[in-house]
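This report concerns only the one structure given below.
Proteins get letters first, then strands, A, B, ... in listed order; numbering begins at 1 in each. Remember, predicted model here, so these are calculated numbers, not experimental data.
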Amino acid sequence: MPVQNFESHFQEKIDADVRIEPKDWMPEKYRQTLIRQISQHAHSEIVGMLPEGNWISRAPSLKRKQILIAKVQDEAGHGLYLYSAAETLGISRDEMIGQLHSGKAKYSSIFNYPTLTWADMGAIGWLVDGAAIMNQVPLCRTSYGPYSRAMIRVCKEESFHQRQGFESLLVLSRGTPEQRAMVQDAIDRWWWPSLMMFGPHDSESLHSEQSMKWKIKRFSNDELRQRFVDMIAEQVKLLGMTLPDPDLKWNEERSHYDFGKINWEEFWNVVSGNGPCNKQRLDARKKAWDDGAWVREAAKAHAEKRAARNKQQAA
Amino acid sequence: MNYFRKYYYGDYGDKEAPTGGDTGKAAANEWPLWEVFIRSKQGLDHKHVGSLHAADAQMAVENARDVYTRRMEGVSIWVVESKYIHASNPDEAESFYEPAEDKVYRHPTFYDLPDEVNHM
C-alpha cells in the first residue's frame, strides 16, 4: 500500500471515531503532535505540584493540609498516566524529562506565577483546575486511545480539585474582612492567567486546524475559553466577589458573556521564559531529578543483583 | 508493507520490536516498564489500567497502588514487565479475525422460535 492509502485509511478511521492504538499505522506528524501535546501536559502536572507544594506546610488546618496533599499527589499521578501514554508513541521517559529540563518542551505557563497567599490555593483549584477541566473533558474523546484513557482517569479525579478550591474560597469569603480581601486579591491575580490557559486565539493558534481534523482536539481554544468565562462569571457571584475585567458583560444577543482583551504580550513573555517563576520552577525540577539520581541507580543495581542471585540459586 | 509498521512500547511488549522497528531512544538507565492490571472488586477480572516504571516487581506493585488505586479502585494488583506481553498484529486483524465473521449461527438470535416457547 502506498503512503497515501495509509493516510486516507487512517483519516477514515478518525472520521468514523475509531480510536487509534499504539501499534496502528499513523502519520509521523500525528505521532509528533501527540508526543508534544501529551508530554507538555504531563510536564504541566508535574511542575504544577510546585506552586501548591509551597503551601502544604502552611495550610491553616489539618483538614486543609490533608486535602492539599491529596491534590498534589493526584497531580503526580496525572503526570505519570500521561507520561505512560506518551511513551506508547515511542519516546522514552528520560527523553521527555530531558526535554523539559533543556527547555525544549514547555509546560502550562500558569505555573510560572507565584502563590502568595493561602487564598491562592482556593483560586488555583477553582480557576486553574476549572480551566484545565474545561480543556480536559473533551480530551476524554480524543482520537488516540492511550491518551483518551489517561484523560478519563484524570477527569474523574480532577473534579474534586475544583470543588475543594471553590469551597475553600467560599469559607474564606464568609470570614473576616481581611479574609475576604485575600480572596478578591487571589481572584484578581489568577483570572487573566487562567484565561490564557486556553491558548492563543483560534486565528493565531499554530497547531489547531490539523489537530481538529485528526480529532486530537475537539473544540477550539476560543470556544472553550468562552464556556469558561460563562461558567465563572456566574460562580463568582456566589462568592460575593468580582472578576477584574471592566468589560465583562452579559451579551443577550450572543447568549454569552463578553469579556476584555487578553494581554498576549504577557502570555508570550511567560511562555518564552520571562514569567515571575520560570527559573525557580525549572531549577526545582532539575534539582529533584539530580538529587534522585542515586536512588534510581541504587534501586536498579539492587534489582539486578537480586535477579542474578535468584538465577544462581535456581541453577 | 512492513516498512510502515511501527513498534512502540507501553500498552504491550517493548521487546517485540523487530529489526528496523523504531523504538525511540529508550534510555539504558531507565527502570523497566511494567503493565498494571487491577481487580476492582472480588469476583471481577483483572483489567489493564496502564503502565509504569519500577526497578523490580515489588516496587511495581507498590507504585501501582499509589498511581492507580488512590481511591480504592482495586483489591488486587497484577504487574507484568511489558516486554513479556505478546500482542496480535493490527495489520493482520482483517484476516486474523475473519473466521468468526460468517458464523451467525453461533448467536442465539439466529434461531426463530415461536413466541409460545418460554424460558429459552
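Here the side chains of His53(B) and Tyr83(A) are not in contact, with every heavy-atom distance at 4.5 Å or above. Side-chain contact between Trp55(A) and Thr115(A): present, with at least one pair of heavy atoms (C-beta onward) separated by less than 4.5 Å.
Looking at Arg39(B) and Asp45(B), no side-chain N of the basic residue comes within less than 4.0 Å of a carboxylate O on the acidic one, giving no salt bridge. Glu62(B) has no carboxylate O lying under 4.0 Å from a charged side-chain N of Arg65(B), or vice versa, which leaves the two without a salt bridge.
Highest contact tally toward chain B, considering only Ala301(A), Ala303(A), Ala85(A), is held by Ala303(A) [criterion: heavy-atom pairs under 4.5 Å].
Contacts of Glu157(A) with chain B are made by both backbone and side-chain atoms, with heavy-atom separations under 4.5 Å.
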Determine, stepwise, if the pair Gln37(A) / Tyr147(A) fulfils side-chain hydrogen bond (donor to acceptor under 3.5 Å, both in side chains).
CA-CA 10 Å; Gln37(A) 181 171 333; Tyr147(A) 190 23; 3.2 Å; yes

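Taking 4.5 Å as the heavy-atom cut-off, the residues of residues 64-74 of chain A that approach chain B are Gln73(A), Asp74(A), ordered by number.
Under the salt bridge (Lys or Arg N to Asp or Glu O under 4.0 Å) criterion, Lys13(A) pairs with Asp24(A), sequence neighbours left out.
The aromatic rings of Tyr30(A) and Tyr144(A) lie perpendicular to each other, with more than 60° between the two planes, well past the 30° mark.
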